[in-house]
Amino acid sequence: MTVRWDLLLIPSFIFTFVLLTLSQTLFLEGSFYRDLGLGRTSDEFDFSNYLRAFTDGFYLTTLWITVKVSALAMIGTLVFSFPVAYVIARMRSRWGMILLSGIVVSTFITIVIKVFGIIIIFSADGWLNRSLMALGITDAPYTIIGTQEGVVIGLMYFTLGFGVLTLYSVVQTIPYSLEEAAEIHGASRIRMFWRVILPLSMPGLVAGGLMVFNMCMGAFTSAALLGGGKVFTLPVLIQRTIMMEVKYSMAGTLAAVLLVAVILINILSIMVLRRMRVARGVLA
Amino acid sequence: MSTIDTETRTSGGIAPVVETGTATGIAPVPETRAQRTRGAVRWQTRQAINFWLKWIMVILAYVFLHAPLIVVIGASFNGGGEYAAIEFPPVSPSIEWYFEIPVGQFESLGLSFALAALASLSAVVIGVPAALGLVRSNLPGKALIGIVFRSPLQIPAVVSGIAFLQMFYLIGDTTGFYAQGGFIGLAIGHIFIAIPYVVGTVVAVLQRFDHRLEEAALSLGASPWRTFRRVTLPVIMPGVYAGALYAFMVSFGDVPLSIFLTAPGYVTYPVELFSALENDFDPSILASGTLVILFCLVVMIVVQRVVGLDALLKIGGTGKGR
């Protein structure tokens, strides 16, 4: 066929490329001018913002908390989404599709509404706290808002549906006959899980896990609302640095740190997956 | 697939090796009849525990995912007039809050809807040719071009938000036109984050495209354009629908990007909800939230009827929520 497909690419590419480079380079450049506060920046090009980001205890703590809650949320997401994905993928009645649409709907609904629900559930005079106190489990109302656990749970709301959908497609690629073979040879379900299903879904788990980790690192809404102004992750801090402190170039620096972290995770995941594929090739 | 029926599959309650005693595999050979029975019982107990554990995890996950939504819907039906509190389960059921939704909330819902529609439409216009070019041309550096198209998905939305904010400031300083805090600024940001979804899903469909279909059409005398319109386009349409749907939903629910680009009068619904939760809110926001949940449900049902959910998921562009 004599269609020039590459010509088709050009307008779209120019549009995306211009938006991408223009926006990303401008804030990166701005991040190299020292922030004087209240929207003013000095004219000298230096690394003072970066120096501050990596020496100031507050920024370092924020970075550490971001990594920590993201890692915990990633583990939680994988642990919960794998059984769900497995059960749905191995279901052959139309219930599988119904369960799956339940997941899809909940991923599509904006996270703000879900967080709203969480806030109501954990409100001081809410149903949960009243029953907890009536049963004598706690004396004071328990809340997850403003705690790191709360942020982890909020992040899981953000990623769980995505995790299920990703792992669902992973489990679907594992032929059921392999499980039957293991079963016929007398392997228990648990053994079959550890020796057959898990190794086969490992590349998918790693890819999905790193993607979930990446999403958590950049997640803003749930972290901001459940952090309740007490727990800060990097995206929340970036937004506050601009909205409350009006420090554009400092926020730019923090955003650059976040961006580089995310890019590094992406590169890492590509490398790990490539290595795994090679290892699999050797085994086969 | 196997011929074993579903019940046996999910419960896994068969222990062929132990029962027949012709063990050739991993399982130890039982000595006496009693041992054999005990072994089988233990084996079945383990299977049962495993089976229930799996289902408990599934139920927990569903409760976890859907409880907040049910709470929001339930609490929106709690009346009580001036002394109304947010209560779940509702104490005095009424639908009064649905009549108290302020006009402002409908305006922001309208804005969000318009933005999402524009973003997904533009993403289709930009993304479909891009996907065709990416899969079918043999340009050098195609991988890099692909990265450019996917990058809006990888860059955290907060970063894109401040990047666009600063870009609009700078453009405003030189041209006098400030795009932030207006429809245009929001639209540019939303189109930017919507593009990768359409590119991703359409690329996935095109990679599985059977070229013989096009060859057949061409050899039967159809013009390239006619071939594209009558053969290629219908085949890639599910991918376009899926990408547009993801793009719409991401744009419709976005906070981290929009929060930097909104201004009084141009607040999207999620951002309005966000600031209400950070500051102060009255139960009318529960009612509008319920309407949004219903809207998403209706969209889902329509999609299920028109495209089919399995087709949507098999495309593989599960995308990435925000």
Side-chain angles (χ1 to χ4, degrees), chain A residues 1 3 5-6 8-9 12-13 15-17 19-20 22-24 26-27 30 80 83-84 87 92 97 101 105-110 112-114 116-118 120-121 127 160 162 165-166 169 176-177 180 185-190 215 218 220-221 225 235 238-239 242 251 255 258-259 262 266, chain B residues 1-2 6 12 16-17 25-27 46-47 50 54 57-58 61 65-66 68-69 71-72 75 86 88 126 129-130 132-133 136-137 139 145 148-149 151 154 156 158-159 162-164 166-167 170 192 195 224 249 253 255-256 270 273-274 277 289 292-293 296-297 300 309-310 316 318 320-321:
Chain A
M1 217 179 344
V3 182
W5 295 109
D6 45 341
L8 217 51
L9 191 68
S12 309
F13 179 73
F15 181 82
T16 317
F17 187 74
L19 274 188
L20 178 74
L22 207 61
S23 60
Q24 304 296 324
L26 280 176
F27 94 83
F80 269 101
V84 179
V87 168
R92 278 193 296 168
M97 268 301 132
S101 15
V105 166
S106 83
T107 26
F108 275 167
I109 291 168
T110 173
V112 197
I113 293 179
K114 289 183 232 169
F116 198 175
I118 303 172
I120 298 172
I121 292 173
W127 170 83
L160 193 65
F162 170 75
L165 294 181
T166 311
S169 53
Y176 185 65
S177 52
E180 283 174 346
H185 283 89
S188 67
R189 303 284 301 181
I190 297 157
M215 284 169 76
F220 168 73
T221 319
L225 287 173
I238 290 169
Q239 190 254 351
I242 283 198
L258 179 63
L259 189 60
V262 165
N266 270 325
Chain B
M1 280 301 262
S2 68
T6 324
V17 174
I26 313 148
R46 272 215 310 262
Q47 303 284 70
N50 190 258
K54 203 164 67 188
M57 295 287 272
V58 172
L65 269 179
H66 293 96
L69 301 178
V71 166
V72 166
I86 288 177
F88 182 85
I126 296 165
L132 282 165
R136 301 203 160 168
S137 72
L139 285 176
I145 296 172
V148 169
F149 279 118
S151 58
Q154 302 298 334
V158 175
V159 176
I162 75 160
F164 276 112
Q166 299 210 32
M167 184 177 93
L170 208 83
F192 181 70
I195 292 171
M249 284 305 178
V255 173
L273 200 55
F274 179 86
L277 290 188
V292 171
I293 296 174
C296 292
L297 264 174
M300 226 31 246
L309 191 68
D310 38 351
T318 31
K320 185 172 127 176

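Lettering follows sequence order; numbering is per chain, from 1.
Of the listed residues Leu277(B), Ile195(B), Leu69(B), the one with more heavy-atom pairs under 4.5 angstrom with chain A than any other is Leu277(B). In terms of heavy-atom pairs under 4.5 angstrom with chain B, the leader among Ser23(A), Gly218(A), Gly117(A) is Ser23(A). When each of Gly133(B), Ala130(B), Ala163(B) is checked for heavy-atom pairs under 4.5 Å with chain A, Ala163(B) comes out on top. Between chain A and the residues Leu65(B), Leu297(B), Val292(B), the largest count of heavy-atom pairs under 4.5 Å involves Leu65(B).
Put simply, CZ on Arg136(B) and CG on Asp6(A) are 13.0 Å apart, with the number rounded to the nearest 0.5 Å. Note that CG of Leu259(A) is 10.5 Å distant from CD of Gln154(B), once rounded to the nearest 0.5 Å.
Taking every heavy atom of both residues into account, Ala255(A) and Val159(B) meet most closely at O-CG2, 3.8 Å. Scanning both residues, Phe80(A) and Met57(B), for their nearest heavy atoms gives CD2-O, 4.1 Å. Heavy-atom minimum distance, Ile113(A) versus Val72(B): O-CG2, 3.7 Å. Nearest approach of Pro270(B) to Thr110(A), heavy atoms of both residues: CB-OG1, 4.2 Å. Of all heavy-atom pairs spanning Ile162(B) and Ala251(A), the tightest one is CD1-O, 3.8 Å. Shortest non-hydrogen contact noted between Met300(B) and Val105(A) is CG-CG2, 2.9 Å.
At a 4.5 Å heavy-atom cutoff, the contact between Phe15(A) and chain B is made by side-chain atoms alone. Contacts between Leu170(B) and chain A at a heavy-atom distance below 4.5 Å involve the side chain alone, from C-beta outward. Of the two parts of Leu132(B), the backbone and the side chain both hold a non-hydrogen atom closer than 4.5 Å to a non-hydrogen atom of chain A. If you measure heavy-atom distances from Val112(A) to chain B, the contacts under 4.5 Å come from both the backbone and the side chain. Residue Leu139(B) touches chain A through its side chain alone, counting heavy-atom pairs closer than 4.5 Å. Contacts of Ile118(A) with chain B are made by both backbone and side-chain atoms, with heavy-atom separations under 4.5 Å. Contacts between Leu273(B) and chain A at a heavy-atom distance below 4.5 Å involve backbone atoms as well as side-chain atoms.
Among residues two or more places apart in sequence or in another chain, the side chain to side chain contact (heavy atoms under 4.5 Å, CB included) test is passed with Val84(A) by Ile88(A), Ile103(A), Val164(A), Val58(B), Ala61(B), Tyr62(B). Partners of Leu20(A) by side chain to side chain contact (heavy atoms under 4.5 Å, CB included), not counting sequence neighbours, listed by chain and number: Gln24(A), Val148(B), Ser151(B), Ile155(B), Phe192(B).
By the 4.5 Å heavy-atom criterion applied to side chains, His66(B) and Ser106(A) are counted as neighbours. Taking the side chain as every heavy atom from C-beta outward, Leu19(A) and Phe164(B) approach each other to under 4.5 Å.
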Any chance you could lay out the side-chain contact (heavy atoms from CB on, under 4.5 Å) test for Phe13(A) and Phe149(B), step after step, and finish with the verdict? CA-CA 7 Å; Phe13(A) 179 73; Phe149(B) 279 118; 4.0 Å; yes
